[in-house]
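This is a predicted model, so every value here is computed, not measured.
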Amino acid sequence: MTERSDVYTYSSALGDCESDDAGIFRLDMEPAGPTFQWSDGMFRLHGYQRGEVVPTLELVFAHKHPDDRERCEEIVAQVSSTGGFFCMYHRIVDAKGKTRRVLTSGEAVLGDNGSVVALEGVMVDFSKTLQRETEQTARDAVAGATATRTVIDQARGILMGQLKLGSDEAFQMLVTTSSHRNVKLVAVAAELVQLANSPEARIYLDRAVRAIQVHGTADHAGGRRAG
């Protein structure tokens, strides 16, 4: 039996290709029953080494996650009957009990009479990619929250120094200005910090501080009248 060559994979999160991440297969529709050819990658994806098992349809479907197996069986049956292309994002559970999130895609090979004689395709494991992208998203979110806090704290410090305010009062002025202008609090804070960090913009910083003071004072006065 001809051994299938492996494929090379790449993702922005995964980086260079890794041997455990993908494999290719061919399912031949023999008169005596379907037979598989697997690359080494396909064996590894299912938790085996070449020679440990003989790949069969029963083995393939046994490794599908219970919640995904029925739909995968339906798609394989449909393509085996009518031909065409297929793509399935699903889960497999390998021989070691590890759940992998994989994409299986391929096409039906037609014989001279137009009937399906084989299915060929590739299986790619996205588990590491998804994990790394999720972890990166979480790190970016934490970094963004930290940066936001830092900018707001800096703006609050500027108001405290310029207007001789307490921390809470300065923060409330920023909140009031944000609401009045209908822009995010961090955007108001960032503008103030940017002006403070530019010696040429000193006059504009004073104007911005006075505008924030006016908004905050007017809101506070209005609150007293309403009470």
Side-chain angles (χ1 to χ4, degrees), residues 1-111 114-142:
M1 180 183 296
T2 303
E3 293 184 1
R4 313 299 293 179
S5 299
D6 277 322
V7 296
Y8 298 97
T9 62
Y10 171 82
S11 81
S12 58
L14 189 59
D16 292 336
C17 62
E18 299 182 15
S19 60
D20 292 338
D21 295 325
I24 61 176
F25 61 86
R26 179 182 171 96
L27 173 62
D28 289 294
M29 307 301 184
E30 303 285 355
T35 59
F36 263 108
Q37 297 177 45
W38 274 8
S39 70
D40 288 339
M42 285 294 292
F43 283 99
R44 286 190 295 265
L45 284 172
H46 289 84
Y48 302 109
Q49 294 297 319
R50 182 178 293 278
E52 290 184 341
V53 295
V54 175
T56 64
L57 267 179
E58 291 75 15
L59 179 69
V60 168
F61 289 133
H63 280 288
K64 303 301 183 190
H65 189 281
D67 292 340
D68 299 335
R69 175 170 177 167
E70 181 178 357
R71 183 57 179 150
C72 290
E73 290 177 334
E74 291 174 353
I75 291 175
V76 170
Q78 179 67 36
V79 175
S80 298
S81 174
T82 62
F85 297 85
F86 62 94
C87 184
M88 306 181 296
Y89 178 63
H90 60 101
R91 292 160 291 179
I92 62 173
V93 181
D94 70 17
K96 301 177 180 63
K98 178 181 179 181
T99 299
R100 298 174 181 264
R101 295 182 178 273
V102 301
L103 179 70
T104 304
S105 63
E107 64 176 313
V109 179
L110 302 181
S115 63
V116 176
V117 298
L119 301 181
E120 288 186 336
V122 58
M123 177 180 286
V124 182
D125 182 5
F126 285 109
S127 303
K128 294 175 184 176
T129 297
L130 292 171
Q131 179 182 356
R132 294 182 189 184
E133 289 183 342
T134 299
E135 291 173 351
Q136 185 61 51
T137 299
R139 287 194 294 269
D140 291 345
V142 170

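Under the salt bridge (charged side-chain N to carboxylate O under 4.0 Å, His left out) criterion, Glu107 pairs with no residue at all, not counting sequence neighbours. Among residues two or more places apart in sequence or in another chain, the side chain to side chain contact (heavy atoms under 4.5 Å, CB included) test is passed with Lys98 by Asp94, Arg100. For Arg91, the salt bridge (charged side-chain N to carboxylate O under 4.0 Å, His left out) partners two or more places apart in sequence, or in a different chain, are Asp68. Residues passing the side chain to side chain donor-acceptor pair (under 3.5 Å) test with Glu74 are Arg71, sequence neighbours excluded. The ring pair (Phe, Tyr, Trp, His ring centres under 6.0 Å) search around Phe86 returns none, not counting sequence neighbours. Residues meeting the side chain to side chain donor-acceptor pair (under 3.5 Å) test with Glu70, sequence neighbours left out: none. Under the side chain to side chain donor-acceptor pair (under 3.5 Å) criterion, Arg101 pairs with no residue at all, not counting sequence neighbours. The side chain to side chain contact (heavy atoms under 4.5 Å, CB included) check on Val109 picks up Arg26, Val117, Ala118, Glu120, with sequence neighbours excluded. Thr104 meets the side chain to side chain donor-acceptor pair (under 3.5 Å) test with His90; sequence neighbours excluded. Gln78 meets the side chain to side chain contact (heavy atoms under 4.5 Å, CB included) test with Thr82; sequence neighbours excluded. Every residue was checked against the side chain to side chain contact (heavy atoms under 4.5 Å, CB included) condition with Ala62, not counting sequence neighbours, and none meets it.
Put simply, the side chain of Phe61 reaches to within 4.5 Å of the side chain of Val76, judged on heavy atoms. Residues Ser105 and Val122 meet the side-chain proximity criterion, which asks for heavy atoms closer than 4.5 Å. Between Val79 and Phe85 the shortest side-chain heavy-atom distance does not fall below 4.5 Å. Between Trp38 and Leu45, the closest side-chain pair of non-hydrogen atoms is not below 4.5 Å. Counting heavy atoms from C-beta on, the side chains of Pro55 and Val60 never come closer than 4.5 Å. You'll find the side chain of Met123 reaches within 4.5 Å of the side chain of Ile92, heavy atoms only.
Within the structure, no pair that satisfies the salt bridge (Lys or Arg N to Asp or Glu O under 4.0 Å) test touches residues 54-63, not counting sequence neighbours.
When all heavy atoms of Tyr48 and His63 are compared, the closest pair comes out as OH-NE2, 2.9 Å.
Proximity of a side-chain donor or acceptor of Ser39 to a complementary backbone N or O of Gly23 within less than 3.5 Å is not detected. His65 places a side-chain N or O within 3.5 Å of a backbone atom of Asp67 that can act as its donor or acceptor partner.
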